[in-house]
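Comments concern the structure below.
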Amino acid sequence: MTDTFDKNNYSYTFQVKIITLLMSDEAFLRDSIDLIKPEYFESESLRWLCETCISYFEKYATKITLEALKIELVKQISDKNLSKTIIES
């Protein structure tokens with residue numbers, strides 16, 4: 001048996017459902033935190049959501065709220081804009 005994971009075996013819709021569970025079901029998040037990795041997702045946005053949900057749970061021991069997700073998104077956008085400004089300077 002091989003330990004490799006092929007994200008192409010799972011549809012985008014399935015991947016979105018996993019992210020939805022990470023965001024809405026604390027028991028699912030707690031039980032799967034060691035099994036689900038950001039690199040298992042096709043798109044950068046799903047990888048970011050996965051990483052954000054997991055890191056929030058590890059820090060606060062609860063699922064991420066919509067407000068907290070908005071704050072993290074604003075930080076991400078600000079960081080990218082700052083990075084772009086530094087590179088262009």
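Since we're looking at a predicted model, the values are computed, not measured. FYI, the numbering just counts along the sequence from 1.
- Ile77 and Ile71 are assigned to two separate hydrophobic clusters, defined by single-linkage of ILVMFWY side chains at heavy-atom distances under 4.5 Å.
- Checking side-chain atoms of Gln15 against main-chain N and O of Tyr10 turns up a donor-acceptor pair under 3.5 Å.
- For residues 17-31, every residue pair satisfying the salt bridge (charged side-chain N to carboxylate O under 4.0 Å, His left out) rule, not counting sequence neighbours, is listed here: Glu26-Arg30.
- Cluster annotation: Leu73 is connected to Phe57 through the hydrophobic network of ILVMFWY side chains, with a link wherever side-chain heavy atoms come within less than 4.5 Å.
- Partners of Ser43 according to the side chain to side chain donor-acceptor pair (under 3.5 Å) rule, which considers only residues two or more places apart in sequence or in another chain, are Ser45.
- Taking Tyr56 as the reference, Tyr60 meet the ring pair (Phe, Tyr, Trp, His ring centres under 6.0 Å) condition, with sequence neighbours excluded.
- Side-chain atoms of Leu49 and Leu22, non-hydrogen and from C-beta on, never get closer than 4.5 Å to each other.
- In this structure, Leu66 is not a member of the same hydrophobic cluster as Leu21, with clusters built from ILVMFWY side-chain heavy atoms closer than 4.5 Å.
- Judged by distance alone, with hydrogens and angles left aside, the side-chain atoms of Ser32 form no donor-acceptor pair with the main-chain N or O of Leu35 at under 3.5 Å.
- With sequence neighbours excluded, no residue forms a side chain to side chain donor-acceptor pair (under 3.5 Å) with Lys37.
- Scanning for ring pair (Phe, Tyr, Trp, His ring centres under 6.0 Å) contacts around Tyr12 gives an empty result, with sequence neighbours left out.
- Applying the side chain to side chain donor-acceptor pair (under 3.5 Å) rule to Gln76 yields the partners Trp48; only residues at least two apart in sequence or on another chain are considered.
- The main-chain N or O of Phe41 is found under 3.5 Å from a side-chain atom of Arg47 such that the two form a donor-acceptor pair.
- Leu29 approaches Cys53 most closely through the heavy-atom pair CD2-O, 4.3 Å.
- Side-chain heavy atoms closer than 4.5 Å link hydrophobic residues (I, L, V, M, F, W, Y) into clusters, and following such links, possibly through other members, connects Ile18 to Val16.
- Sequence neighbours left out, the pairs with a member in residues 58-67 that pass salt bridge (charged side-chain N to carboxylate O under 4.0 Å, His left out) are Glu67-Lys70.
- A continuous path of Ile, Leu, Val, Met, Phe, Trp and Tyr side chains, each step under 4.5 Å between heavy atoms, connects Ile36 with Ile33, placing both in one hydrophobic cluster.
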